[in-house]
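What follows is a short report on a single structure.
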Amino acid sequence: MILAVETSCDDTCAALVSADGAILANVISSQEAHARFGGVVPEVAARSHLELIDPVIDEAFARAGASLQDVELVAATRGPGLVGALLVGFAAAKALAAARRLPFAPVDHLAGHVAAAYLKPTPFEPPFVALIASGGHTLLLAVRERGAAPEVLARTLDDAAGEAFDKGARMLGLGYPGGAPLERLARAGDPYAFNFPSGRGEDFSFAGLKTALLYRTRDLDMGDEQVRADLAASYQRAIVDALVRRAERALERAGLSRLALGGGVAANGPLRERLAALGAELFLPALALCTDNAAMIAAAALDAPALAYPDYLSLDVYATGEGPLR
Ligand code: KG4
Ligand code: ZN
């Protein structure tokens, strides 16, 4: 079995996955400490990973009824992400691998989001277009074969889609993370009450949308529940439009008719409905596999080259710019 660790942002994650892609344990400890800051504080995340990493790995072994003796390969996220956060999981995983002279697979976080589709019990194999939308990334990828670097069809020029949800939610007086509360508020609103921009061109851009909402919140009566709901619904429609239109274009450009979703924004109901209506074969992984988790890192490790002991000891993490999708 594979032991995988993921600590690229604010979730401390460990998983045990069998060599044929069955999940034996998938433990995710979300850090609550960031809510009062309205976003992830890198130093707080790193310290919190340090406290959580051992108990989270122990819990994975307990849930799987296994021990380090059963592990044949160790994997960990190498980047992109917060360097201090990455370092904690990467060093812990290397140490466990070294203790037993096991091979070690460094995994790119985004390759992990893609590989979530390969896990049992519902493996979805390439070729497909992957839409990865979370608080940290917004990408459309053409995935032609397992393990090969996918072609980037579109990416965000500024904020990530989840970040746009979070910042919009904040302007509407909702808590962090704001995607789910904004979706709930939007249910009582009219998505056509306001016309918000959803960006032009092949790539994503959410900066103009954010500014447009800011001006509206200044001009309108934010004490009026209906106004807030209408703003939420219209703002959500703009983000969903941006994602769906570019996903449709990406499928055309890649000549594919299969679409896999990843990232926390995949939880969004209107997004799922609109994507389902595109007519492509749609793969929605379980939500626990869409948000950051270590099972997806193990899945990517199944196809990634592993290094023998001690060749991996000097490996470092990367914040950005070095992965297969740079
Ligand atoms: O994948 P994830 O858990 O962590 C990151 O890698 O960022 O994604 C979290 C993001 C947050 O920005 C959150 O607001 C967004 O996913 N999100 C949603 C919904 N649930 C979570 N966005 C829109 N609608 C939702 N229901
Ligand atoms: Zn992620």
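Just so you know, these numbers use all the heavy atoms, side chains as well, and skip hydrogens, waters and symmetry mates. We're numbering straight along the sequence, starting at 1. Read the numbers this way: they start at 1 and go in the same order the structure lists the ligands and their atoms.
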Worksheet item: Counting from 1, what ligand 1 atoms have a heavy atom of F165 closer than 4.0 Å?
Response: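 Answer for ligand 1: 22 (N), 23 (C).
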Discussion item. Please list, in number order, the atoms of ligand 1 under 4.0 Å from a heavy atom of G136.
Written reply: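 In order of numbering, the contacting atoms are 7 (O).
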Fill in: Part of T291 with heavy atoms under 4.0 Å of ligand 1, whether side chain, backbone, both or neither
both
Worksheet entry | Rounded distance (nearest 0.5 Å) linking atom CD1 of I23 with atom CE of M296 |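 Here the interatomic distance stands at 11.5 Å.
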What protein heavy atom sits nearest [atom], and how far off is it?
atom                    : answer
atom 6 (O) of ligand 1  : D292 OD2, 3.1 Å
atom 26 (N) of ligand 1 : E183 OE1, 2.8 Å
atom 18 (C) of ligand 1 : G179 CA, 3.5 Å
atom 7 (O) of ligand 1  : G135 N, 2.8 Å
atom 13 (C) of ligand 1 : D166 OD1, 3.7 Å
atom 20 (N) of ligand 1 : G264 O, 3.6 Å

Worksheet item: Looking only at side chains, do T12 and H49 share a donor and an acceptor under 3.5 Å apart?
Response: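 Yes, because at least one side-chain N or O of T12 sits under 3.5 Å from a partner of the opposite role on H49.
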Worksheet item: Can you find a side-chain donor-acceptor pair between T138 and R155 that sits under 3.5 Å?
Response: no
Worksheet item: When you check the space around the Zn ion (ligand 2), which protein N, O or S atoms turn up under 2.8 Å?
Response: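 Hits for the Zn ion (ligand 2) below 2.8 Å: H109 NE2, H113 NE2, H137 NE2, D292 OD1.
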Worksheet item: Okay, side chain of E6, backbone of S8: is any donor-acceptor separation there less than 3.5 Å?
Response: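 Yes, because the side chain of E6 sits within donor-acceptor range (under 3.5 Å) of the backbone of S8.
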Fill in: Side chain D158, main chain F206, donor-acceptor under 3.5 Å
yes
Worksheet entry | Results of salt bridge (Lys or Arg N to Asp or Glu O under 4.0 Å) for R63 - residues two or more places apart only |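 Applying salt bridge (Lys or Arg N to Asp or Glu O under 4.0 Å) to R63 gives E59.
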Fill in: Plane angle bin for H137 and H109 - parallel if under 30°, tilted between 30 and 60°, otherwise perpendicular
tilted
Practice prompt. Out of G263, A180, A186, indicate the one that has the non-hydrogen atom closest to atom 19 (C) of ligand 1.
Written response: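 Nearest heavy atom to atom 19 (C) of ligand 1 lies in A180.
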With a 3.5 Å cut-off and sequence neighbours excluded, list the donor-acceptor pairs that the side chains of residues 169-197 form with protein atoms.
{"unit_1": "E183", "atom_1": "OE2", "unit_2": "G269", "atom_2": "N", "d": "3.0"}
{"unit_1": "D190", "atom_1": "OD1", "unit_2": "Y192", "atom_2": "N", "d": "2.8"}
{"unit_1": "N195", "atom_1": "OD1", "unit_2": "R237", "atom_2": "NH2", "d": "3.3"}

Discussion item. Test: ring pair (Phe, Tyr, Trp, His ring centres under 6.0 Å). Region: residues 257-301. Which pairs qualify, not counting sequence neighbours?
Written reply: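 Applying ring pair (Phe, Tyr, Trp, His ring centres under 6.0 Å) to every pair that reaches into residues 257-301, excluding sequence neighbours, yields F124-F283.
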Discussion item. Within 45 degrees of the ring normal and closer than 6.0 Å to the centroid, is that where the cationic atom of R246 sits relative to F204?
Written reply: yes
